[in-house]
Amino acid sequence: GNSVTQMEGPVTLSEEAFLTINCTYTATGYPSLFWYVQYPGEGLQLLLKATKADDKGSNKGFEATYRKETTSFHLEKGSVQVSDSAVYFCALRGGGADGLTFGKGTHLIIQP
Amino acid sequence: ETGVTQTPRHLVMGMTNKKSLKCEQHLGHNAMYWYKQSAKKPLELMFVYNFKEQTENNSVPSRFSPECPNSSHLFLHLHTLQPEDSALYLCASSPRDLYGYTFGSGTRLTVV
């Protein structure tokens with residue numbers, strides 16, 4: 001079946017630091033890959049996506065590249081802000097399933 | 001406002017109660033989903049509806065009963081729940097065969 005593994009954290013960084021959150025996956029076929037963000041008290045919001053190998057998704061300064069050879073979709077941002085503090089979820093859709101398969105989420109804390 | 005509205009936002013219920021969670025979307029999406037979010041666990045896909053027809057039921061106990069009367073509304077009927085069912089229940093919708101999922105803000109359920 002499908003599965004997603006991501007670092008759980010919490011990850012604590014200072015403002016303007018470089019961010020990497022690792023995500024690897026297991027899936028049959030060629031899944032679509034996603035990063036979602038959840039701010040306190042809210043539902044999940046789509047941050048970025050990639051639908052085929054070597055695609056790069058980007059949004060709000062965040063980027064992730066679909067790496068089929070390493071089955072990875074690591075999230076990066078060059079300079080984080082306090083407002084980026086949230087929980088980040090890596091997810092995939094594929095293998096004939098209609099729903100998304102999520103990782104456990106990574107709690108990111110950015111200190112001023 | 002994300003386009004997917006869930007009510008109530010918070011619910012406290014006893015183990016012998018019967019209650020219902022409601023989800024509503026007017027995005028023109030054809031697929032709707034229930035997810036369960038518990039602390040320290042990945043999001044769990046519970047039910048999937050496509051064009052009002054249930055297409056997935058991921059081994060969810062019968063004390064959870066979904067209902068989808070039309071493509072804009074989704075309910076989760078609850079009865080004789082257990083304390084371990086306490087969690088954030090998230091509703092999502094998506095266009096069929098496309099990749100974007102829109103989540104509601106969730107219902108925080110506490111079973112006492």
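Just so we're on the same page: letters track the sequence lines, and every chain starts at 1.
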To the nearest 0.5 Å, what is the distance between [atom1] on [X] and [atom2] on [Y]?
X        : Y        : atom1 : atom2 : value
A/Thr101 : B/Leu45  : OG1   : CG    : 7.5 Å
A/Leu44  : B/Leu88  : CG    : CG    : 9.0 Å
B/Leu43  : A/Lys104 : CG    : NZ    : 12.5 Å
A/Leu46  : B/Tyr101 : CG    : OH    : 11.0 Å

May I ask whether [X] and [Y] are part of the same hydrophobic cluster, defined by side-chain heavy atoms of I, L, V, M, F, W, Y residues being less than 4.5 angstrom apart, directly or through others?
X        : Y        : value
B/Leu81  : B/Leu76  : yes
B/Phe47  : B/Leu109 : yes
A/Tyr39  : A/Leu47  : yes
B/Leu90  : B/Leu21  : no
A/Leu108 : A/Val4   : yes

Checklist entry - What residue in A/Gln6, A/Glu42, A/Glu8, A/Gln38 has the most heavy-atom pairs under 4.5 Å with chain B? => result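 Most heavy-atom pairs within the cutoff with chain B belong to A/Gln38.
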
Checklist entry - Is it the side chain or the backbone of B/Arg9 that comes within 4.5 Å of chain A heavy atoms, both, or neither? => result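 Side chain only.
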
Item to check | Residue part contacting chain A, namely of B/Gln6, when any heavy atom lies under 4.5 Å | outcome: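 When you check distances to chain A, no heavy atom of B/Gln6 falls under 4.5 Å.
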
Next on the checklist: So that I know where these two stand, are B/Tyr35 and A/Phe102 an aromatic pair - ring centroids less than 6.0 Å apart?
Outcome noted: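 Here the rings of A/Phe102 and B/Tyr35 have centres that are less than 6.0 Å from each other.
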
Next on the checklist: Would you say that more than 12 heavy atoms from the other residues, nucleotides or ligands in this model lie under 6.0 Å from the CD of A/Glu16, or not?
Outcome noted: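 Counting neighbours around CD of A/Glu16, 12 or fewer heavy atoms of other residues, nucleotides or ligands fall under 6.0 Å, so no.
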
